[in-house]
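A quick write-up on the structure given underneath.
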Amino acid sequence: MAGEAALLFCSNMRTPVIAANWKMYKNAGETAAFLRQFTGLVAKSAHAEIVVCPPFVDLPAAVDAARGTNIHIGAQDLFWLKEGAYTGEISAPMLTAIGCTWVIIGHSERRQYFGETDDSVAKKIVAALDAGLKPIVCVGELLEHREGGLTESVLAKQCSGGICGLTPEQFAKIVIAYEPVWAIGTGHTATPEIAAAAHTFLRSQVRSRFGASAESCRILYGGSVKPDNIKALMAQPEIDGALVGGASLDAAAFGSIVNYL
Ligand code: PGA
């Protein structure tokens, strides 16, 4: 009983994060227009940290438009070295220099289409933290994994390869996003119970490495989050926020997701 009460207390202490992953959508003008509308919709939303992650080239416009608001701006990826002959890459210090404060790392689309591995994810997390960026580290299984009963082993491998090599100090600064690949952009949201079970498993994995500090780690759910399912997802004590793709492109829709209460 005392243990349960302590856990409940801890879960209530986790401030939710609601983050938008715009993927390869919107130019700088569209970014500014979105934020003109969105800032007003969430100006009083103090219950959650709000993060918007546009494409790299839109970051300066986003930082400008979000200045003085409660909206944080993040990138969707970075490279782990500070500078060098790496054509096309963007480093963590380059992102902080323009006022970017968050970064998504290891999204399944980067793993699937651009060769991201648990090893590169681990290097990118450290680079982000060294520069003072807050990483949202994505993990999640494919449909074939889930159907083959491999969900837990895939999540365990992504945790041990990408996250468990961090120091406790580094771990304390990351946010994890559980994004089942079969739920991304498909309209097939994981049920709140399926998501919560995966979150519980992920927390047990990081608890076995980092101990009690696992209780303060925010674990977000991502995959077809919409205005009409966010409330049920957030009702699960294990779900500490959302990483939202498609529904974050519309200011009114993303505003109502942020204001799920
Ligand atoms: P979705 O994308 O909300 O469009 O499913 C989520 C994500 O990929 O982060």
Side-chain angles (χ1 to χ4, degrees), residues 16-26 30-31 34 38 42 48-56 58-59 62 71-78 100 102-116 121 124-125 128 133-143 145-146 151 154-155 158 162-163 174-192 194-196 198-199 202 218-234 236 239-260:
V17 176
I18 309 287
N21 173 14
W22 283 0
K23 311 191 179 188
M24 199 173 70
Y25 291 99
K26 295 192 193 294
E30 291 161 344
T31 299
F34 174 99
F38 182 65
V42 300
E49 289 188 80
I50 306 164
V51 186
V52 174
C53 303
F56 283 131
D58 301 334
L59 288 170
I71 301 160
H72 307 281
I73 302 301
Q76 298 172 15
D77 187 27
L78 50 62
C100 181
W102 288 67
V103 62
I104 298 170
I105 295 176
H107 190 277
S108 64
E109 286 150 15
R110 301 238 37 107
R111 294 177 188 260
Q112 204 174 342
Y113 306 128
F114 303 100
E116 190 85 85
V121 166
K124 288 179 178 189
I125 298 172
L133 291 167
K134 293 189 193 168
I136 299 175
V137 182
C138 303
V139 296
E141 80 286 359
L142 303 173
L143 183 59
H145 295 143
R146 179 157 286 269
T151 298
V154 167
L155 295 179
Q158 290 172 339
I163 296 172
I174 72 165
V175 170
I176 297 173
Y178 168 62
E179 298 206 304
V181 179
W182 46 271
I184 295 178
T186 59
H188 300 302
T189 327
T191 62
I194 289 178
H199 286 218
L202 284 167
R218 272 91 54 93
I219 305 181
L220 318 183
Y221 168 76
S224 299
V225 174
K226 308 279 180 233
D228 62 4
N229 59 27
I230 182 71
K231 208 177 164 86
L233 288 162
M234 292 304 293
Q236 294 286 336
I239 299 183
D240 306 315
L243 181 55
V244 188
S248 73
L249 293 168
D250 178 78
F254 191 50
S256 73
I257 290 174
V258 169
N259 296 322
Y260 61 88

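Note that ligands are numbered from 1 as they come in the structure, with each ligand's atoms numbered from 1 the same way.
- Below 3.5 Å of separation, one finds an N or O of K23 facing an N or O of ligand 1.
- With no hydrogens or angles considered, a side-chain donor-acceptor pair links H107 and E179 at under 3.5 Å.
- Contact atoms of ligand 1 toward S224: 1 (P), 3 (O), 5 (O) (distance under 4.0 Å to a heavy atom of the residue).
- Polar contact with ligand 1: absent for G222 (N/O pair, distance under 3.5 Å).
- Listed by atom number, the atoms of ligand 1 under 4.0 Å from G223 heavy atoms are 5 (O).
- Looking at D77 and F114, their side chains never come closer than 4.5 Å, going by heavy atoms from C-beta outward.
- Nearest protein neighbour of atom 3 (O) of ligand 1, counting heavy atoms only, is G245 N, 2.8 Å.
- Taking CG of L155 as the start and CG of L202 as the end, the distance is 5.0 Å to the nearest 0.5 Å.
- Only the side chain of N21 comes within contact range of ligand 1, with a heavy atom under 4.0 Å; no backbone atom does.
- For the atom pair I163 CD1 and I176 CD1, the distance stands at 4.0 Å (nearest 0.5 Å).
- When non-hydrogen atoms are compared, ligand 1 lies under 4.0 Å from the backbone of A183 (N, CA, C, O) but not from its side chain.
- Not counting sequence neighbours, the partners of I194 by the side chain to side chain contact (heavy atoms under 4.5 Å, CB included) test are R146, W182, A190, T191.
- Close contacts of ligand 1 with H107, meaning ligand atoms under 4.0 Å from a residue heavy atom, involve 7 (C), 8 (O), 9 (O).
- When the shell of 6.0 Å around CZ of F56 is examined, it contains more than 12 heavy atoms from other residues, nucleotides or ligands.
- Partners of A20 according to the side chain to side chain contact (heavy atoms under 4.5 Å, CB included) rule, which considers only residues two or more places apart in sequence or in another chain, are W22, V52, S248, F254.
- Contact of the K23 side chain with the E109 side chain is registered, since non-hydrogen atoms from C-beta on lie closer than 4.5 Å.
- Within the 4.0 Å heavy-atom shell around ligand 1 one finds G185.
- Those atoms of ligand 1 with a heavy atom of G246 less than 4.0 angstrom away are 1 (P), 3 (O), 4 (O).
- With hydrogens left out, the protein atom closest to atom 9 (O) of ligand 1 is E179 OE2, 2.7 Å, a heavy atom.
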